[in-house]
Amino acid sequence: MSGHYLENTSASFEAAVKLPADVIETDARTTKDGVAVLIHDPDLSTVSDVSTPVQALTWDEIKRIKLHDSSTLMRVDEALSAFPDTYFNIDMKDEGALDSVFSAVQDTNAQERVCISSFSDSRLQALRARTQGRIATSLSPLEVLRLMILSSVRYLPGSTQSRKAQLRKLILSGQSRFNDRVLAAQVPVRTIFDLVPVITPSFVATAHSAGFDVHVWTINELDMIPSLIGDKHRVDAIITDYPLEVSQVIKR
């Protein structure tokens, strides 16, 4: 709801839940004392009048800082507790989030309604090992790249089930433990200075053949939605700052 509210705040989450949005996509960083807080950028300058990095402040210091909407930052565990029936997709934005987000999810018993994403391959691999498959994740950037390459391969022998197993093994680099908890490719429409298409019919079809959903971000241009959700691409989810407007387009 960051198109209408300050991002990652209680007000934005409450509005999303009332729509209702299917999932809340949010971001986590770690304070100086190891607390997972919901904020996208490395410092507080976009949401407050304070420009100090999150990692340089304790939670006690951060919770006293008023945001531009007069609210305060939320901890990950606070959000999970405040919205107990809501699914969350949490992007781990720093190394500390590996421990802090895992603790927050575990402490609130929210393992079955959280999916963790990250732009760091090593961070996601470490989380998978740490959680032993108890918390779902998205594909890592390297795994998305493998999926893009495989989407150009027209034929893999075998039955549907054997092709699915082959694809998952190739995409996840042979991992067998807990790979059923890797749920989705979360990707932009295009990458590398907007020059290389990611969302193509072949990419989506290959992801589906491997048993992965495709979530595309960040779609704020409403005229893109019919193509993305229609027969041409058939993506499974739209990540957007304007869920109300997107849902109206989808219902048409």
Side-chain angles (χ1 to χ4, degrees), residues 23 25-29 40-42 88-95 97-98 101-102 114-131 133 135-158 160-221 224-225 227-229 232-240:
V23 178
E25 194 277 336
T26 187
D27 314 280
R29 293 185 180 274
H40 180 277
D41 294 344
F88 282 79
N89 189 97
I90 303 173
D91 185 355
M92 296 188 298
K93 289 295 188 183
D94 59 30
E95 291 301 322
L98 175 62
V101 171
F102 170 64
V114 169
C115 179
I116 303 294
S117 61
S118 177
F119 286 102
S120 167
D121 293 284
S122 61
R123 207 173 294 157
L124 274 181
Q125 298 293 356
L127 181 82
R128 291 171 188 168
R130 169 77 63 83
T131 65
I135 302 175
T137 74
S138 66
L139 291 174
S140 73
L142 181 57
E143 290 162 348
V144 169
L145 178 60
R146 294 190 191 115
L147 174 55
M148 291 175 67
I149 294 169
L150 286 168
S151 69
S152 65
V153 178
R154 293 182 175 275
Y155 177 72
L156 282 173
T160 300
Q161 279 301 114
S162 66
R163 285 197 299 272
K164 176 181 176 180
Q166 288 179 70
L167 285 168
R168 290 185 77 91
K169 184 175 181 179
L170 290 167
I171 292 165
L172 299 174
S173 189
Q175 299 175 53
S176 56
R177 299 182 69 199
F178 319 122
N179 76 14
D180 60 327
R181 297 290 283 156
V182 183
L183 301 185
Q186 298 180 338
V187 294
V189 173
R190 305 178 71 84
T191 191
I192 309 179
F193 304 107
D194 212 30
L195 296 175
V196 178
V198 179
I199 295 295
T200 64
S202 178
F203 177 89
V204 177
T206 304
H208 288 166
S209 293
F212 301 121
D213 285 350
V214 177
H215 305 166
V216 57
W217 53 261
T218 300
I219 306 301
N220 294 332
E221 298 79 14
M224 296 178 63
I225 295 170
S227 173
L228 291 170
I229 65 173
K232 182 177 181 181
H233 293 107
R234 297 178 184 272
V235 304
D236 302 285
I238 301 287
I239 299 172
T240 180

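Partner of Leu142 under the side-chain contact (heavy atoms from CB on, under 4.5 Å) criterion, chosen from Ile171, Asp121, Leu172, Leu124: Asp121.
For the pair Ser151 and Phe203, the tightest heavy-atom approach, listed with the atom from each and the gap, is CB-CA, 3.7 Å. Pairing each heavy atom of Pro141 with each of Phe119, the nearest pair is CG-O, 3.3 Å. Scanning all heavy atoms of the two residues, the minimum distance from Arg168 to Ala210 falls at NH1-O, 2.8 Å. Nearest heavy atom pair, residue Ser227 against residue His233, reads O-ND1, 3.1 Å. Between Ser140 and Glu143, the closest heavy-atom pair is N-OE1, 2.8 Å. When all heavy atoms of Lys164 and Gly211 are compared, the pair lying nearest together is CE-CA, 4.0 Å.
Asp213 places no side-chain N or O within donor-acceptor distance of the main-chain N or O of Asp236, the cut-off being under 3.5 Å. In this structure, the side chain of Arg181 does not engage the main chain of Thr137 through any donor-acceptor pair within 3.5 Å. Listed for the Arg29 side chain is a donor-acceptor partner under 3.5 Å among the backbone atoms of Asp41.
Looking only at side-chain heavy atoms (C-beta outward), Val196 and Met148 come within less than 4.5 Å of each other. At least one side-chain heavy atom of Val216 sits less than 4.5 Å from a side-chain heavy atom of Ile238. Side-chain contact between Arg146 and Ser173 is present, with at least one heavy-atom pair separated by less than 4.5 Å. The shortest distance between side-chain heavy atoms of Met92 and Ile116 falls below 4.5 Å. Contact of the Ile229 side chain with the Val235 side chain is registered, since non-hydrogen atoms from C-beta on lie closer than 4.5 Å.
Of the inter-residue distances, the one linking Leu150 atom CG with Ser202 atom OG reads 9.5 Å to the nearest 0.5 angstrom. Atom NE2 in His215 sits 10.5 Å away from atom OG in Ser117 (nearest 0.5 Å). The line from CD of Gln166 to OG of Ser209 is 11.5 Å long, rounded to the nearest 0.5 Å. The CG atom of Asn220 lies 11.0 Å from the CD1 atom of Ile239; values are rounded to the nearest 0.5 Å. Note that CD1 of Ile199 is 8.0 Å distant from CD1 of Ile219, once rounded to the nearest 0.5 Å. For the atom pair OG of Ser118 and CG of Leu139, the computed distance is 12.5 Å after rounding to the nearest 0.5 Å.
Remark: Lys93 engages Asp91 in a salt bridge, criterion side-chain N to carboxylate O under 4.0 Å.
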